[in-house]
Amino acid sequence: MTAMAETVLPSIGRVRLTDLIAVEGLPSESYKVSISTLTQSLAQYSAAIIQLPISDGALLRSSLESARLFFHQRAYSPPEMAHTSDSREWCKTSGYYADPQILQETYDYRPGFTSADSNGSMELPPAGLSDIFALLGKAARHILDAISFSLNLRSFSFTEILDNVPLRGREMSSSVLSVCCHSRPSFQGAQHHALTASEDGQLVMFPDQEHQVEKSLITLLKSDRAGLHIKDFHGRWLLVDGDLGPQDALVYPGLALYQATAGYVSPAVHRTEIGNMDGSMYGRCSISFKLMPKSMASFNCSEMRAAGHGVEAQFQLPIPVDDFMQRTHPTDQLLTKSIFPSYGFQAEQDAMKPMKRKKNSTRCKPLPPSKRLRLEAQRVLKERVQDIADKKGIKLRFCNLKECEGHLQSRDSPCGSIRMEIGWPPGVPFVHPHDLPNKSKLGFLEAYEPGWTAAQQDIELSIVKQIKAILSLVC
């Protein structure tokens with residue numbers, strides 16, 4: 001067996017959450033190995049298994065038991081089953097609703113929202129939702145940080161698009177905890193015959209809408225019995241929750257993470273069994289936490305560009321989160337890169353790419369040294385300016401490039417005091433480092449860190465010499 005073949009995961013990856021928690025200093029070997037397993041599993045299977053601490057497993061089990069009792073005691077009432085599918089309500093769902101077409105009942109818990117039942121009175125939710133929301137929400141953020149590390153992004157790269165922790169006064173959560181029940185016998189009623197049919201003596205156990213994709217950043221799911229299928233890298237449907245232990249949860253990425261990473265993390269395409277529930281008086285219950293971006297944020301992929309990743313044209317322009325969530329996203333039109341610059345798996349991922357290349361794939365080639373230098377200068381400059389502003393308690397408000405040319409000639413300009421306090425170079429418009437002309441980035445950084453450009457060029461020259469030495473030995 002070749003070294004490349006040995007890196008292929010034979011089954012969905014399993015990682016302990018405690019090994020994915022970042023600490024100060026250099027990354028440990030267990031941290032790097034765990035991130036490699038996580039990212040390789042997401043690349044191959046679009047999912048991974050996360051092992052939570054033993055104490056958290058007990059909370060998961062009790063929450064599932066509470067969910068079973070909640071749905072079991074709820075009477076079947078068709079008039080209250082109506083639920084709006086308006087995409088404009090993507091961050092406002094709360095309380096109980098159902099979809100008879102796929103035999104699914106759901107209770108959405110979203111901190112900051114108060115739900116009421118069909119009579120207008122307060123609805124009694126399943127027990128322990130606030131505790132499980134906090135548990136899975138914290139785990140989801142650790143996993144998101146691990147993914148950003150695998151992509152060579154800076155720490156907390158996604159902070160600007162996430163909710164505050166904890167929520168501020170009168171804020172409502174964008175993320176949601178969904179407690180679901182599939183195929184509860186008392187709920188199925190007359191719908192059962194419309195959803196199953198005989199085919200070669202077998203029951204068709206999936207609804208017509210087989211290709212479902214969450215719009216979340218990532219989803220954490222725990223079910224009490226198997227039934228979730230996800231399409232892998234080769235297009236095969238795999239049962240992914242059939243081997244979950246008491247403290248295991250499934251994690252898979254969604255469309256929001258696909259957009260935020262410029263397509264480098266593919267969303268999971270999944271479907272759920274709605275049949276094969278013989279002998280079950282409760283149906284199939286599950287708890288899923290969906291880490292969502294806040295509606296007032298926007299996706300701009302600036303962190304991906306700063307890390308040196310090629311960004312396709314469809315990800316170049318910033319897009320408000322609220323607009324993105326209201327759009328439809330056909331799964332057959334998603335641009336899949338499936339590239340994780342992780343430890344030891346790059347050769348495998350290159351081998352797994354399809355032979356047919358897209359015409360615009362040249363945009364994803366490694367950046368030339370000169371452009372990498374400018375991007376690194378932009379990133380470092382942004383840090384230096386922000387550090388100075390933070391230490392002096394200054395809130396940065398950058399100007400428009402054209403407007404600021406007039407500010408430079410004025411004595412009482414809106415940005416004059418800020419430029420003076422942080423030592424902004426004279427004669428340079430007060431704009432975000434990203435908006436500075438390319439040639440200005442390097443010269444501007446020299447004002448804050450003399451000798452930086454020469455040091456970076458020495459590093460590039462050293463790398464080039466090493467590559468030439470290796471090539472000469474090979475030839």
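Being a predicted model, the structure only gives us computed values, none of them experimental.
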>> Can you list everything that forms a side chain to side chain donor-acceptor pair (under 3.5 Å) with Ser34? Sequence neighbours excluded, please.
In response: none

> Will you find, in the side chains of His182 and Glu273, an N or O donor that is under 3.5 Å from an N or O acceptor?
Replying inline: no

> Parallel under 30°, tilted from 30 to 60°, perpendicular over 60°: which one fits the rings of Tyr252 and His270?
Replying inline: tilted

> Nearest heavy-atom pair of Thr261 and Leu151: which atoms, and what distance?
Replying inline: CG2-CD1, 3.8 Å

> Would you say the side-chain atoms of Ser216 pair up with the backbone N or O of Gly254, donor to acceptor, closer than 3.5 Å?
Replying inline: no

>> Under the side-chain hydrogen bond (donor to acceptor under 3.5 Å, both in side chains) definition, can you give me all pairs with a residue in residues 125-148, not counting sequence neighbours?
In response: none

> Between Ile218 and Val265, does a side chain to side chain contact (heavy atoms under 4.5 Å, CB included) hold up when you go through it step by step?
Replying inline: CA-CA 10 Å; Ile218 57 175; Val265 181; over 6 Å; no

>> Nearest 0.5 angstrom please: Asp224 CG to Ile287 CD1, how far?
In response: 9.0 Å

> Can you name the residues that form a side-chain contact (heavy atoms from CB on, under 4.5 Å) with Asn300, not counting sequence neighbours?
Replying inline: Ser302, Pro318

>> Once side-chain hydrogen bond (donor to acceptor under 3.5 Å, both in side chains) is applied, what residue pairs with a partner in residues 162-175 remain, sequence neighbours excluded?
In response: Asp163-Ser174, Asn164-Glu171

>> Which heavy atom of Gly227 sits nearest to which heavy atom of Leu239, and what is that distance?
In response: N-CD1, 3.6 Å

>> My understanding is that only residues two or more places apart in sequence, or in another chain, count here; which of them pass side-chain contact (heavy atoms from CB on, under 4.5 Å) with Ser157?
In response: Leu153, Arg154, Glu303

Without placing hydrogens or testing angles, list every side-chain donor-acceptor pair under 3.5 Å for residues 46-58, not counting sequence neighbours.
none

>> Minimum heavy-atom separation for Pro293 and Val321, please, with both atom names.
In response: CG-CG1, 3.6 Å

>> Donor-acceptor check, side chain of Arg110 to backbone of Met172, threshold 3.5 angstrom: yes or no?
In response: no

> Got a sec, which residues hit side chain to side chain donor-acceptor pair (under 3.5 Å) with Lys294, two or more places apart in sequence or on another chain?
Replying inline: none

>> I'd like to check the side chain to side chain donor-acceptor pair (under 3.5 Å) partners of Arg16; sequence neighbours left out, ordered by chain and number.
In response: Asp19

> What pair of heavy atoms forms the shortest contact from Ser36 to Thr39, and how long is it?
Replying inline: O-OG1, 3.2 Å

>> Do Pro125 and Tyr109 make a side-chain contact, defined as non-hydrogen atoms from C-beta onward lying under 4.5 Å apart?
In response: no

> Hey, would you say the Tyr258 and Phe315 ring centroids sit under 6.0 Å apart?
Replying inline: yes

>> Applying side chain to side chain contact (heavy atoms under 4.5 Å, CB included) to Leu162 and Leu217, what does each step give before you reach the verdict?
In response: CA-CA 10 Å; Leu162 296 177; Leu217 290 161; 3.4 Å; yes

> Which residue pairs satisfy the side-chain hydrogen bond (donor to acceptor under 3.5 Å, both in side chains) criterion with at least one member in residues 239-248, sequence neighbours excluded?
Replying inline: Arg14-Asp243, Arg14-Asp248, Ser223-Asp241, Asp241-Arg284

> Would you call Ser150 and Leu38 a side-chain contact if the rule is heavy atoms closer than 4.5 Å?
Replying inline: no

>> Once rounded to the nearest 0.5 Å, what's the spacing between atom CG of Leu177 and atom OG of Ser94?
In response: 11.0 Å

> Taking C-beta and beyond as the side chain, do Val23 and Tyr31 meet within less than 4.5 Å on heavy atoms?
Replying inline: no

> For Val179 and Phe70, what are the C-alpha separation, side-chain angles and deciding distance, and is it a side chain to side chain contact (heavy atoms under 4.5 Å, CB included)?
Replying inline: CA-CA 10 Å; Val179 183; Phe70 172 81; 5.9 Å; no

>> If the condition is ring-ring contact (aromatic ring centres under 6.0 Å, His included), which residues does Phe299 pass it with, not counting sequence neighbours?
In response: Phe324

> Under the 3.5 angstrom rule, does the side chain of Gln44 hit a backbone N or O of Ser41 as a donor-acceptor pair?
Replying inline: no

>> I'd like to know if the side chain of Lys231 and the backbone of Val269 have a donor-acceptor N/O pair within less than 3.5 Å.
In response: no

>> Working to the nearest 0.5 angstrom, can you tell me the gap between Cys285 SG and Leu64 CG?
In response: 7.0 Å

>> Could you check whether any side-chain heavy atom of Ile230 comes within less than 4.5 Å of a side-chain heavy atom of Ile12, counting everything from C-beta outward?
In response: no

> Phe158 and Ala260: which non-hydrogen atoms are nearest, and at how many Å?
Replying inline: CE2-CB, 3.8 Å

>> If the condition is side-chain contact (heavy atoms from CB on, under 4.5 Å), which residues does Ser295 pass it with, not counting sequence neighbours?
In response: Trp90, Cys91, Asp322

>> Determine whether a donor-acceptor pair (N or O, by modelled atom type, separation under 3.5 Å) exists between the side chain of Tyr264 and the backbone of Met304.
In response: no

>> Would you compute the distance between atom CG of Asp232 and atom OH of Tyr45 and round it to the nearest 0.5 angstrom?
In response: 7.5 Å

> Taking only residues two or more places apart in sequence, or in another chain, which ones meet Ser63 in a side chain to side chain donor-acceptor pair (under 3.5 Å)?
Replying inline: none

>> Below 30° counts as parallel, above 60° as perpendicular, anything between as tilted: where do the rings of Phe71 and Tyr96 land?
In response: tilted

> Considering all heavy atoms of both residues, which atom of Leu20 and which atom of Ala146 are nearest to each other, and what is their separation?
Replying inline: CD2-CB, 4.0 Å

>> I need the Gln104 CD to Cys181 SG distance, nearest 0.5 Å.
In response: 9.0 Å

> What's the spacing between Leu291 CG and Leu220 CG if we round to 0.5 Å?
Replying inline: 8.5 Å

> What do the steps show when you test Arg305 against Gln316 for side chain to side chain contact (heavy atoms under 4.5 Å, CB included), and what is the final call?
Replying inline: CA-CA 10 Å; Arg305 283 191 290 268; Gln316 292 282 354; 3.6 Å; yes

